[in-house]
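These notes concern the structure reproduced below.
On a predicted model such as this, the values are computed, not experimentally measured, just so you know.
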Amino acid sequence: MSSYRDLEIYVESKRLAIEIHKMTMTLPRHELFEEGSQIRRSSKSIASMIVEGYGRRRYKADFIKYLIFSQSECDETIVHLDFLFETNSLRNAELYKKLRSDYDLLSKRINKYIQWVESNLNEFI
């Protein structure tokens, strides 16, 4: 792993953040700056926290801390998705289910990566 760009969780979190950004541009005007802004920030923070943690990977505890922040942002994004869907601001049920499933999977992958870092990181630095 020569760069954070090589991490599958980074690649997936960035792809999903772009999907979320595009989805929010179709929300009702009143949600664009309220829930839309919140979900854009949380979805983009997932990738940002991975990058920041990777930059601190020499310090295992810091790396893990930022990966945990990333997973927390992922879970926050799921909550915002649920709010948008349950308030009928996001009406595309198929898109909601796909994004919800993708974020559930990403959260699990981040968790697995945290476990890997806890067990193996010192061997690779």
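- Residue Ser70 forms a side-chain contact (heavy atoms from CB on, under 4.5 Å) with just one option from Asp75, Ile50, Ile114, and that option is Ile50.
- Two different hydrophobic clusters hold Tyr4 and Tyr66 under the rule that ILVMFWY side chains link at heavy-atom gaps under 4.5 Å.
- Atom NZ of Lys44 and atom CD of Glu73 lie 13.0 Å apart (nearest 0.5 Å).
- Counting only distance, with no hydrogens or angles, the side chain of Gln71 and the backbone of Ser107 share a donor-acceptor pair below 3.5 Å.
- With Arg100 contributing its side chain and Lys97 its backbone, the two residues share no donor-acceptor pair below 3.5 Å.
- Atom CD in Glu52 sits 12.0 Å away from atom CZ in Phe63 (nearest 0.5 Å).
- Hydrophobic clustering keeps Met25 apart from Ile18 (ILVMFWY residues linked when any side-chain heavy atoms are closer than 4.5 Å, directly or through intermediates).
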Item to check | Derivation and outcome, salt bridge (charged side-chain N to carboxylate O under 4.0 Å, His left out), residues Lys98 and Asp102 | outcome: CA-CA 6 Å; Lys98 173 86 170 87; Asp102 287 350; 2.8 Å; yes
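- Looking only at distances, a side-chain donor or acceptor of Asn120 sits under 3.5 Å from a matching main-chain atom of Trp116.
- Using a 4.5 Å heavy-atom cutoff, the side chains of Leu32 and Arg40 are in contact.
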Item to check | Chi angles and distances behind the side-chain contact (heavy atoms from CB on, under 4.5 Å) call for Lys14, Ile46 | outcome: CA-CA 8 Å; Lys14 184 178 177 196; Ile46 300 165; over 6 Å; no
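- Side-chain atoms of Thr26 come within 3.5 Å of backbone atoms of Met23 as a donor-acceptor pair (strictly under, hydrogens ignored).
- Neither Ile20 nor Phe69 shares a network with the other; the hydrophobic side chains, linked directly or stepwise wherever heavy atoms of I, L, V, M, F, W or Y lie under 4.5 Å apart, form separate groups for each.
- At least one side-chain heavy atom of Thr87 sits under 4.5 Å from a side-chain heavy atom of Glu31.
- Tyr113 and Ile64 fall within the same hydrophobic cluster, where Ile, Leu, Val, Met, Phe, Trp and Tyr residues are linked whenever their side-chain heavy atoms come under 4.5 Å apart, directly or through other members.
- Between Phe85 and Tyr96, the ring planes lie parallel to each other; the angle is under 30°, not in the 30° to 60° tilted range.
- Remark: Glu8 CD to Ile110 CD1 distance equals 12.5 Å, nearest 0.5 Å.
- Rounding to the nearest 0.5 angstrom, the gap separating the OG atom in Ser37 from the CG atom in Leu27 is 11.0 Å.
- The two residues Tyr103 and Cys74 have their closest heavy-atom pair at O-SG, 3.4 Å.
- Within 6.0 Å of CZ in Phe83 there are 12 or fewer heavy atoms belonging to other residues, nucleotides or ligands.
- With hydrogens and angles ignored, the 3.5 Å screen pairs a side-chain donor or acceptor of Thr77 with a backbone N or O of Ser43.
- Other residues, nucleotides and ligands contribute more than 12 heavy atoms inside 6.0 Å of the CZ atom of Arg56.
- The shortest side-chain heavy-atom distance between Ser42 and His80 falls under the 4.5 Å cut-off.
- Two different hydrophobic clusters hold Met49 and Val117 under the rule that ILVMFWY side chains link at heavy-atom gaps under 4.5 Å.
- The two residues Asn92 and Leu95 make their nearest non-hydrogen contact at OD1-N, 2.9 Å.
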Next on the checklist: Does Glu12 form a salt bridge (charged side-chain N to carboxylate O under 4.0 Å, His left out) with Arg15? I'd like the steps, not just the answer.
Outcome noted: CA-CA 5 Å; Glu12 183 67 2; Arg15 180 188 72 76; 2.6 Å; yes
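- At least one side-chain heavy atom of Ile9 sits less than 4.5 Å from a side-chain heavy atom of Leu67.
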